[in-house]
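To start, the structure under review is shown below, and the notes come after it.
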Amino acid sequence: MRFFIIGNPSSVWLKEYIKHIHIKNNHKVYVTVFEMSDLKFVNEYREMGVQFVNLGEKGRGIKKISKFLRLFFFAYRNRNNQFDILEVQSPPHNVQAFVIGMIARLMDCKTFIMFWGSDILAISSKDAEKLEYAIKNADVINRPGEQTYKAFTTFFGHKYEKLFTKKSLRFGTLALPWIERTRAIYDKVECKKHFGLAADKMSIAIGYNGHRRHQHLKVIDEFSKLSISQKNKLQLIIHFVGYEDLAYEELLKNALKNCGIEYVFIARSLDFSEIAVLRLATDIFIHAQTTDGLSGSIRECLYAGTIVVNPVWIEYGELKKIGVEYIEYQEFSELNDIIENCIQEKISINLEKNRELIYDHYSWEALEGDWISVFNSMI
């Protein structure tokens, strides 16, 4: 099959999806590149045989219009059975949506649309009006998850539900293959050593990036109330990445210094190989975000055999439904008792079962068949 994908190829999610679904199944893939100079993973795409539809370099005004014209002319030249499926990953909610709608009508192929979350969760009614032009020209829309579905029906009601896939297609959890390979080579002691962590202390990760919504400070404040003997058995991990918030970074470092617990502060991006080592080095993961979808980081922790401690205000009904076990708390004041129970091994969680469940529901291998079934049904 031949696919023309409109999306952001600099997203590691799109790159891994193309690799594990399209390339693995010998599909021919063309993908839009809106700014070639900023494109990541160029060599990896070329090794996979992915073709770039280069729409030009950065610019506004006429240059921006020229991008749309190049996209339109590419579609026009390839309108007669050149592609089986036009695939729109994370549809835009601006003038690009009109261009995509026109291309969908122009090209002699089926159109598939997949929402990623913020592309519909964080838009206005006016944005939705633009977005609808792309939606109404689609043949198939990936069935949205619960939160996305609520947003979709708020804007569009139920008139497009006939276009939804029978079940929701999902991206595989990115780091699972690296975690599997790493745990076959290194044990937990070696993984801890990589980040300067002590083998004889319980390692506790707080959050998975540097955004304030992870509420690191509230967690650290509770841990500062532990006894000295308890603190000596622990070490904290902060992966402060993704957000340049110098004021918050300083507050966080000061809180860690005053907490009385050893800590490791990682202020750099990690590739998949190091993410795997970090997950395997973590004994307990404290989640305290104000809001969250079912992030890949949570799934990675569960697959790595980490005890996940999650607040009740973040509901993971999907995980509970399949039988994944984790600890819940209502108030930050409960965290210290939870940690003490973990130290004394009073917490009973089947971590190996969690690993199996995550693989069976969130690995690329487990999800591949659903994708291929949908695409086969479209042609």
Side-chain angles (χ1 to χ4, degrees), residues 1-9 11 13-14 16-32 50 53 71 74-75 78-93 96-121 123 127-172 293 362 364 366-379:
M1 284 189 278
R2 292 168 62 88
F3 290 78
F4 174 31
I5 300 178
I6 297 177
N8 176 17
S11 164
W13 291 94
L14 187 59
E16 290 296 301
Y17 158 70
I18 290 173
K19 174 183 176 181
H20 287 280
I21 300 300
H22 288 308
I23 303 305
K24 184 177 179 182
N25 287 277
N26 299 314
H27 297 162
K28 188 69 175 177
V29 176
Y30 287 71
V31 64
T32 53
V50 173
V53 180
L71 181 57
F74 175 84
N78 293 277
R79 66 191 184 280
N80 295 322
N81 298 311
Q82 297 299 307
F83 291 96
D84 297 295
I85 295 175
L86 166 64
E87 186 176 327
V88 183
Q89 290 288 349
S90 188
H93 47 265
Q96 292 180 36
F98 291 96
V99 177
I100 290 171
M102 289 189 289
I103 288 173
R105 296 178 66 179
L106 174 66
M107 297 182 73
D108 187 19
C109 65
K110 297 296 180 67
T111 299
F112 171 86
I113 289 179
M114 180 172 184
F115 291 100
W116 285 23
S118 60
D119 45 19
I120 193 167
L121 291 173
I123 67 174
D127 293 331
E129 289 176 8
K130 300 184 184 77
L131 173 61
E132 187 170 15
Y133 196 77
I135 291 174
K136 68 182 181 182
N137 285 289
D139 296 286
V140 176
I141 299 173
N142 182 43
R143 179 173 291 278
E146 185 175 344
Q147 284 183 300
T148 310
Y149 177 79
K150 288 179 180 177
F152 187 95
T153 53
T154 297
F155 292 126
F156 309 117
H158 300 279
K159 59 184 175 181
Y160 296 113
E161 287 202 29
K162 62 182 180 181
L163 304 181
F164 289 167
T165 54
K166 291 182 180 179
K167 62 186 298 186
S168 180
L169 302 178
R170 295 182 296 214
F171 287 161
Y362 300 105
W364 284 113
L367 300 170
E368 178 185 349
D370 293 336
W371 285 95
I372 300 307
S373 177
V374 167
F375 292 144
N376 285 340
S377 70
M378 292 177 66
I379 60 174

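Fair warning: this is a prediction, and the values are worked out from it, not measured in the lab. Start at 1 with the first residue, then count along the sequence.
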- Find the distance between OH (Tyr17) and CH2 (Trp371) and round it off to the nearest 0.5 Å. 4.5 Å
- Is the Phe152 ring parallel, tilted or perpendicular to the Phe164 ring (thresholds 30°, 60°)? perpendicular
- Min side-chain heavy-atom separation Phe4-Gln82 under 4.5 Å: no
- Item | Reference residue Phe115; test side chain to side chain contact (heavy atoms under 4.5 Å, CB included); the match among Ile135, Asn142, Val88 | Ile135
- Is the side chain of Thr32 donor-acceptor paired with the backbone N or O of Val53 at a distance under 3.5 Å, no angle test? no
- Task: For Phe3 and Phe112, run ring-ring contact (aromatic ring centres under 6.0 Å, His included): C-alpha distance rounded to whole Å, both residues' side-chain angles, the deciding distance at 0.1 Å, then the answer.
- Result: CA-CA 10 Å; Phe3 290 78; Phe112 171 86; 8.8 Å; no
- Hey, could you give me the CD1/CD1 distance between Ile5 and Ile18, rounded to the nearest 0.5 Å? 4.0 Å
- Straight-line distance of Asp108 CG to Asn78 CG, nearest 0.5 Å: 12.0 Å
- Query: Between atom CG of Asp139 and atom CD1 of Ile379, what is the distance when rounded to the nearest 0.5 Å?
  - Reply: 13.0 Å
- Query: Which heavy atom of Asp84 sits nearest a heavy atom of Met1, and at what distance?
  - Reply: OD2-CA, 3.2 Å
- For Leu14 and Gly7 the tightest heavy-atom approach is CD2-C, 4.1 Å
- Query: About how many Å separate CZ of Arg2 and CD1 of Ile85, when rounded to the nearest 0.5 Å?
  - Reply: 12.5 Å
- Note on the structure: Closest non-hydrogen contact found for Ala97 with Pro92 is CB-O, 3.5 Å
- Message: If you define the side chain from C-beta out and look only at heavy atoms, does anything of Phe171 sit under 4.5 Å from Gln89?
- Response: yes
- Message: Within this structure, what is the CD1-CG distance for the pair Ile21 and Asp370, rounded to the nearest 0.5 Å?
- Response: 9.0 Å
- Message: Can you list everything that forms a side-chain hydrogen bond (donor to acceptor under 3.5 Å, both in side chains) with Tyr160? Sequence neighbours excluded, please.
- Response: Glu132
- Query: Between Ala138 and Leu163, what is the shortest heavy-atom contact and its length?
  - Reply: O-CD1, 3.7 Å
- Item | Mutual orientation of the aromatic rings belonging to His22 and Phe375 [parallel < 30°, tilted 30-60°, perpendicular > 60°] | parallel
- Minimum heavy-atom distance Ile120-Phe155, with the two atoms named: O-CE1, 3.6 Å
- Query: Is a side-chain donor or acceptor of Asp119 paired with a backbone partner of Gly117 at a separation under 3.5 angstrom?
  - Reply: yes
- Task: Could you tell me which residues satisfy salt bridge (charged side-chain N to carboxylate O under 4.0 Å, His left out) with Arg170, sequence neighbours excluded, listed by chain and number?
- Result: Glu318
